[in-house]
Amino acid sequence: MGMYYQPEIETMPREELRDLQLDRMKWSVKHAYDNIDFFKSSFDEAGVSPEDLNSLEDLAKFPFVVKQDMRDAYPFGMFAVPMKDVARIHASSGTTGQATVVGHTKRDLKNWGDCFARGIAMVGGSDESTIQVSYGYGLFTGGLGGHAGGEAMGCTVIPTSSGNTKRQVQFMADCDTDILACTPSYALFIADTAIEMGYDPAKEFKISGVICGAEPASENMRQEIADKLGVQYCDVYGLSEIMGPGVAMECIERGGLHIAEDQFYCEIVDPDTGEVLPDGEWGELVITTLTRECSPLIRYRTRDVTRIIEQPCACGRTHRKIDRLRGRTDDMLIIRGVNVFPSQIEQVITGFPEIATQYQIILTNKGPLDHVELQVETEPDFQIDEVRKLEDLKRRLQAELKSNLQVAVDVKIVEPKTIERSMGKAKRVIDKREVSA
Ligand code: DLL
């Protein structure tokens with residue numbers, strides 16, 4: 001077992017950890033009930049009160065809170081502390097509807113930094129490491145979350161934020177970056193840019209770890225990033241409503257992300273019935289914050305699909321893991337009645353060495369029938385002008401997609417670098433379907 005950032009918490013015996021969780025959960029539930037009107041009315045309506053919580057399992061008696069509830073409370077209706085104690089606010093992008101605002105006290109920010117710092121330790125980082133934070137800074141939680149983690153660990157932090165990709169590469173090369181934190185799509189873009197600039201980052205750069213999250217990445221995409229940069233890949237999960245990056249992070253053993261269980265209690269529920277599912281079953285992740293002062297959330301429905309993995313981890317950490325995220329219940333595409341996650345499409349295309357990892361799905365409909373176009377790029381060394389080879393590639397890819405997804409996909413192969421690159425979360429799906437009356 002290596003050196004950990006907070007070993008006394010991360011390797012706590014499970015019984016002790018559960019006791020700690022229950023104490024904190026009692027505090028959090030009461031804190032929410034006493035200080036936030038929404039929780040008072042929602043608990044009252046469901047006929048439960050904070051006194052009904054006597055075991056961790058009792059939490060299932062409490063009602064859920066969803067994103068819309070937070071929107072309705074915009075901007076500060078769900079804050080449990082007076083404004084003078086609010087050190088910072090963040091907001092979700094709000095591309096669909098009203099943004100949601102989340103507040104953090106000083107202590108909330110400290111806990112957040114500590115959570116992210118555990119991930120830095122998971123990729124072998126220490127106070128001697130240099131971390132380059134290439135998540136966007138601002139209302140999005142990636143930049144400042146990664147930044148807080150680097151500072152908590154005592155790293156040298158390079159706050160490049162996202163954008164200006166050649167300069168990102170230059171900093172990595174010149175400042176001996178050890179750890180890069182950014183979205184997987186941006187990590188790949190940075191790696192490709194470095195290669196284009198004539199570097200072999202896996203050999204020439206000091207970098208040894210990436211902390212990537214904010215969007216799903218297929219196994220092959222992770223492998224491509226790890227190979228091109230020559231790094232250990234740590235998947236980091238989080239969401240602005242609950243905190244930001246650092247809710248769960250992946251250690252060197254892989255096979256799932258350790259939940260920061262001293263800070264968050266996770267349940268998996270059936271997305272349709274809301275019933276709590278046993279460990280190991282796939283369903284929707286529901287999170288309860290255990291320590292948050294400004295924006296406590298009791299049973300927040302994330303819409304993210306995963307499962308809990310309970311076997312002990314060889315790294316020594318006792319915090320349970322969630323499996324890598326499959327996608328969101330609301331990202332799931334229903335194409336001709338079939339459920340399809342964009343990540344399934346990604347998994348298929350990354351199995352074709354001739355095809356680059358960038359892709360875009362364009363959905364249209366003619367009458368009642370959905371039409372799916374998948375745009376993919378060839379790798380730069382593929383002879384795209386050889387028509388027969390191209391036709392053959394297209395046919396094989398279409399067949400593979402059809403057998404994996406059970407849906408016909410119209411593949412359009414385009415030249416390298418045609419599809420727009422993302423410096424944050426990639427936009428994989430363009431849905432132009434008109435809803436029929
Ligand atoms: O994306 C926070 C974050 C920043 C996480 C940087 C990791 C790294 P939001 O913008 O609120 O917050 O989006 C949260 O992104 O509900 C998931 O659907 C998705 N997501 C986050 N991390 C992962 C991951 C940030 N590791 C939403 N794998 C979440 C897959 C992820 N999806």
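Ligands are counted one by one from 1 in listed order, and the atoms in each one are counted from 1 as well. Quantities reported herein were computed from a predicted structural model and do not represent experimental measurements.
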Quick check: are there more than 12 heavy atoms from other residues, nucleotides or ligands sitting under 6.0 Å from NZ of K412? no
By number and element, which atoms of ligand 1 are closer than 4.0 Å to a non-hydrogen atom of T141? 2 (C), 12 (O)
Just heavy atoms, cut-off under 4.0 Å: does K425 contact ligand 1 by side chain, backbone, both, or neither? side chain
Taking H319 for its side chain and I9 for its backbone only, find out whether a donor-acceptor pair lies under 3.5 Å. yes
Within 45° cone and under 6.0 Å: R301 NZ/CZ vs F64 ring: yes
Please state whether the rings of F43 and F62 are parallel, tilted or perpendicular, taking 30° and 60° as the class boundaries. perpendicular
Give the numbers and elements of all ligand 1 atoms closer than 4.0 Å to a heavy atom of D235. 24 (C), 26 (N)
Do we see a donor-acceptor contact under 3.5 Å between the side chains of R167 and Q170? no
Suppose I only count heavy atoms of F140 and a 4.0 Å limit; which atoms of ligand 1 are within that range? 1 (O), 4 (C), 10 (O), 25 (C)
side-chain contact (heavy atoms from CB on, under 4.5 Å), paired with V340, selected from I361, V407, V372, N404: V407
In this structure, does ligand 1 have an atom that sits under 4.0 Å from one of the heavy atoms of G145? no
R324: heavy atom below 4.0 Å from ligand 1, yes or no? no
Do D304 and ligand 1 have an N or O pair less than 3.5 Å apart? yes
Can you tell me how the ring of H31 sits relative to the ring of W27, calling it parallel under 30°, perpendicular over 60° and tilted otherwise? parallel
Which atoms of ligand 1 are found less than 4.0 Å from any heavy atom of L325? 30 (C)
Could you measure the distance from the CD1 atom of I345 to the CZ atom of R428? Nearest 0.5 Å is fine. 11.0 Å
A214 N/O to ligand 1 N/O under 3.5 Å: yes
Contact (N/O only, under 3.5 Å) between P245 and ligand 1: no
Check each atom of ligand 1 against the heavy atoms of S240 and keep those under 4.0 Å away; list them by number with element. 9 (P), 11 (O), 12 (O)
D114 side chain to N111 backbone, donor-acceptor under 3.5 Å: no
Numbering the atoms of ligand 1 from 1, which are under 4.0 Å from a heavy atom of R328? 16 (O), 18 (O), 29 (C)
With a cut-off of 4.0 Å, which atoms of ligand 1 are near a heavy atom of G213? 7 (C), 8 (C), 26 (N)
